[in-house]
There are 2 protein chains.
Amino acid sequence: MDRASYHSVIVSVSLAGKGVSIYCSVSALNLSGLTKLPVLISPSLEEARRELVIGLEARRLLVMVASCTVEYSGRTGSHLGEGERLVIVKGDGCILVHRGRDYQPVNWQPSGCIIQAQASNGTLVLKAVRPSPLESLTLVVKDVQFLGTFLLQDDAEFVLHASEEEMQRAIILQPDVIEQGFKILDFEKKVPPGFVDVYGVDTEGNTVVIEIKKDPAGFPVIKQLLEYLKYLQAPPGKKLRPMIVAPSIAKGAQPALAKSGIEFKQLTLQKAVAILQKYARSDQQALKSWL
Amino acid sequence: MDRASYHSVIVSVSLAGKGVSIYCSVSALNLSGLTKLPVLISPSLEEARRELVIGLEARRLLVMVASCTVEYSGRTGSHLGEGERLVIVKGDGCILVHRGRDYQPVNWQPSGCIIQAQASNGTLVLKAVRPSPLESLTLVVKDVQFLGTFLLQDDAEFVLHASEEEMQRAIILQPDVIEQGFKILDFEKKVPPGFVDVYGVDTEGNTVVIEIKKDPAGFPVIKQLLEYLKYLQAPPGKKLRPMIVAPSIAKGAQPALAKSGIEFKQLTLQKAVAILQKYARSDQQALKSWL
DNA sequence: CGTGCCAGGTGCCGT
DNA sequence: ACGGCACTTGGCACG
């Protein structure tokens with residue numbers, strides 16, 4: 001690829017409505033050709049609509065900065081007056097409307113809905129309908145500041161080191177982390193109100209019922225565990241030992257814990273990860289980089 | 001504004017690293033000047049970093065499509081290998097990393113964190129640190145496909161028609177919706193396990209304890225209400241009438257409801273909204289457009 | 001600041 | 001489909 005080919009760039013300036021439409025056609029990948037880089041700056045609504053339809057068809061990632069109103073109707077309803085927002089449409093048919101602040105989108109539609117863009121009376125209407133539960137999101141676009149359509153090359157795997165699941169796996173791999181001689185009989189054991197995380201016996205033959213929390217254990221988990229206990233019983237002459245495994249106890253939960261006869265065993269995420277590291281050689285690669 | 005001024009466009013083509021850097025400087029607002037439209041297409045990492053710093057400083061909305069790795073460490077930890085993602089940084093200091101699919105971001109940081117962009121060894125590192133709880137998100141950017149910085153003009157108010165709150169307001173405005181002659185004594189009344197949504201008396205002087213749900217009422221709400229009842233009692237010679245107000249009863253919850261002696265009163269969101277419409281003239285404007 | 005609770009919660013997995 | 005539950009849940013209101 002020679003130096004000259006880098007300059008194979010088309011810039012066409014057109015007058016679209018009241019705005020300026022700059023069409024930068026560039027490709028870093030195909031420099032010798034005149035491949036269009038799908039970025040529109042202040043396009044007319046009709047140009048934007050055309051590009052949206054192409055992007056939706058190709059299931060590309062659409063990123064639009066536009067002035068619009070947003071209506072939602074479905075499980076409930078919402079209304080948002082006109083203003084400039086960031087609109088994202090993904091290849092799997094989900095849509096996000098973000099304002100200039102806040103972590104969460106002001107409106108959205110989960111993946112799997114039908115999205116269409118149509119011109120309507122001098123405005124561009126973007127509609128996203130979710131079949132079940134039936135709900136629809138409607139954007140009436142008055143002005144598009146920016147519209148880009150991208151294809152994201154992304155095959156990497158996402159690895160999350162978190163959660164009860166890793167703590168549970170650590171306990172299963174090394175039951176001694178609970179106490180010397182602890183033996184696991186079952187996990188995710190079904191009882192009417194829900195599932196017992198870990199279920200086992202101590203060296204005395206007592207039944208140990210464990211509820212795991214990755215966060216400081218508070219009142220809800222105590223109630224949950226007591227609820228489970230109603231449906232469980234120890235072997236004749238043995239005790240039922242309810243136990244909460246968590247990194248810590250929540251502020252005011254200590255008295256309730258003592259009163260209800262529930263034991264507490266500290267297990268931090270770090271320790272759980274260390275145990276997994278020790279036992280699961282195959283996981284070492286994925287785990288070594290964090291912490 | 002004459003036609004010629006629309007062409008006041010600067011396009012500079014530079015060779016940045018292995019990529020092409022097209023710098024389209026345009027403004028639809030200030031066409032006579034050479035105001036920069038902050039959109040970079042395949043900039044060098046140094047160009048991107050400079051633009052990011054400027055955008056962060058000005059608390060603008062940053063939208064970047066880039067190939068990067070993502071590390072998270074805090075309450076838990078995560079790792080995501082290299083791939084192309086959509087990165088959003090908002091003015092309030094939150095950051096979202098979106099992949100090409102899925103409603104939710106693969107990684108993020110809520111608002112209020114400190115974000116910095118720095119060059120590092122041939123890569124661009126974007127770091128977002130949240131002070132409390134202490135957690136950090138680190139993006140190592142290898143290649144930037146697109147970077148735009150926007151200022152969103154958006155003063156509209158968001159109106160959500162939803163939730164228990166509207167149902168509660170409807171009941172408070174028109175207690176008859178529960179039953180003829182029902183009188184409200186209190187709402188959000190504190191009991192040890194939580195709060196009673198609505199608390200009142202019927203025409204017989206019996207105490208009515210209402211729990212509101214906007215979704216079909218299932219087992220959890222029954223348990224919740226029974227929990228509250230333990231801490232409440234009717235006047236001498238009167239009854240305690242626990243009642244669930246919801247659009248419907250969940251599938252298998254009917255028997256449990258009957259068994260526990262809890263009454264059910266249907267109230268849909270639509271009806272609640274209608275009541276609010278009738279009573280709150282000032283709200284009519286906001287409510288009239290939906291449904 | 002923790003504690004409780006709602007959310008258009010979402011997502012995952014099970015019957 | 002409904003049920004139970006975790007989530008880097010986020011968000012708000014309140015003691």
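So you know, we letter chains A, B, ... as the sequences are listed, proteins then strands, and number each from 1. This one's a predicted model, so the numbers in the text were calculated from it and none came from an experiment. All heavy atoms count here, side chains included; hydrogens, waters and symmetry mates do not.
- Considering only the side chain of Tyr228(B), dC5(C) comes nearest among dC2(D), dC5(C), dC6(C).
- Separation of the C1' atoms belonging to dA7(C) and dA6(D) is 15 Å when rounded to the nearest angstrom.
- Contact annotation for Gly218(A): no contact, since no heavy-atom pair falls under 4.0 Å across all strands.
- Nearest-nucleotide mapping onto DNA chain C: of Gly252(A) and Asp197(B), the residue sitting toward the 5' end is Gly252(A).
- Between Gln254(A) atom CD and dT3(C) atom P there is a gap of 13 Å when expressed in whole angstrom units.
- One interatomic measurement links the two molecules: CD1 of Ile249(A) to P of dG2(C), which rounds to 16 Å at whole-angstrom precision.
- Taking atom CD on Glu188(B) and atom P on dC6(C), their separation rounds to 9 Å, with Å as the unit.
- Spacing between dT8(D) and dC5(C) at atom P, rounded to whole Å, works out to 23 Å.
- For the pair Lys271(A) and Ile275(A), the minimum side-chain heavy-atom distance is below 4.5 Å.
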Note to self: Could you go through Leu152(B) and Arg99(A), starting from their C-alpha distance and side-chain angles, then the distance that decides it, and tell me whether this counts as side-chain contact (heavy atoms from CB on, under 4.5 Å)?
What the structure shows: CA-CA 8 Å; Leu152(B) 300 188; Arg99(A) 305 186 81 170; 5.8 Å; no

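- Arg85(A) places a side-chain N or O within donor-acceptor distance of the main-chain N or O of Cys68(A), the cut-off being under 3.5 Å.
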Item checked: Tyr72(A) vs Val70(A), side-chain contact (heavy atoms from CB on, under 4.5 Å): CA-CA, chis, key distance, verdict -> CA-CA 7 Å; Tyr72(A) 161 72; Val70(A) 188; 5.7 Å; no

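- Across the protein-nucleic acid pair, Lys251(B) atom NZ and dA1(D) atom C1' stand 8 Å apart, rounded to whole Å.
- One atom, CD of Gln168(A), and another, P of dC5(D), lie 14 Å apart when rounded to the nearest Å.
- Side chain of Asp197(B) to main chain of Ile212(B): a donor-acceptor pair is present (N/O by atom type, distance under 3.5 Å, no hydrogens or angles).
- One atom, CG of Asp92(A), and another, P of dT10(C), lie 14 Å apart when rounded to the nearest Å.
- Taking atom P in both dG4(D) and dG8(C), the straight-line distance is 22 Å, to the nearest Å.
- Rounded to a whole Å, the CD1 atom of Ile212(B) is 14 Å from the C1' atom of dC5(C).
- Taking the six-membered ring for Trp and thresholds of 30 and 60 degrees, Trp108(B) and Tyr103(A) have ring planes inclined between 30 and 60 degrees apart.
- Annotation: Lys251(A), atom NZ; neighbour count of heavy atoms from other residues, nucleotides and ligands within 6.0 Å does not exceed 12.
- Lys213(A) comes within 4.0 angstrom of sugar-phosphate atoms only, judged by non-hydrogen atoms across all strands, and of no base.
- Place Pro133(A) and Gln224(A) on DNA chain D by their nearest nucleotides, and Pro133(A) ends up nearer the 5' end.
- Look at CD on Glu211(B): it is 13 Å from C1' on dG4(C), rounded to the nearest Å.
- When heavy atoms are screened at a 4.0 angstrom cut-off, Ser132(B) is found touching no nucleic acid atom at all.
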Margin query: Each nucleotide in nucleotides 8-15 of chain D should get exactly one letter: B, S or -. Can you fill that in based on protein heavy atoms under 4.0 Å?
Written below: BSSS----

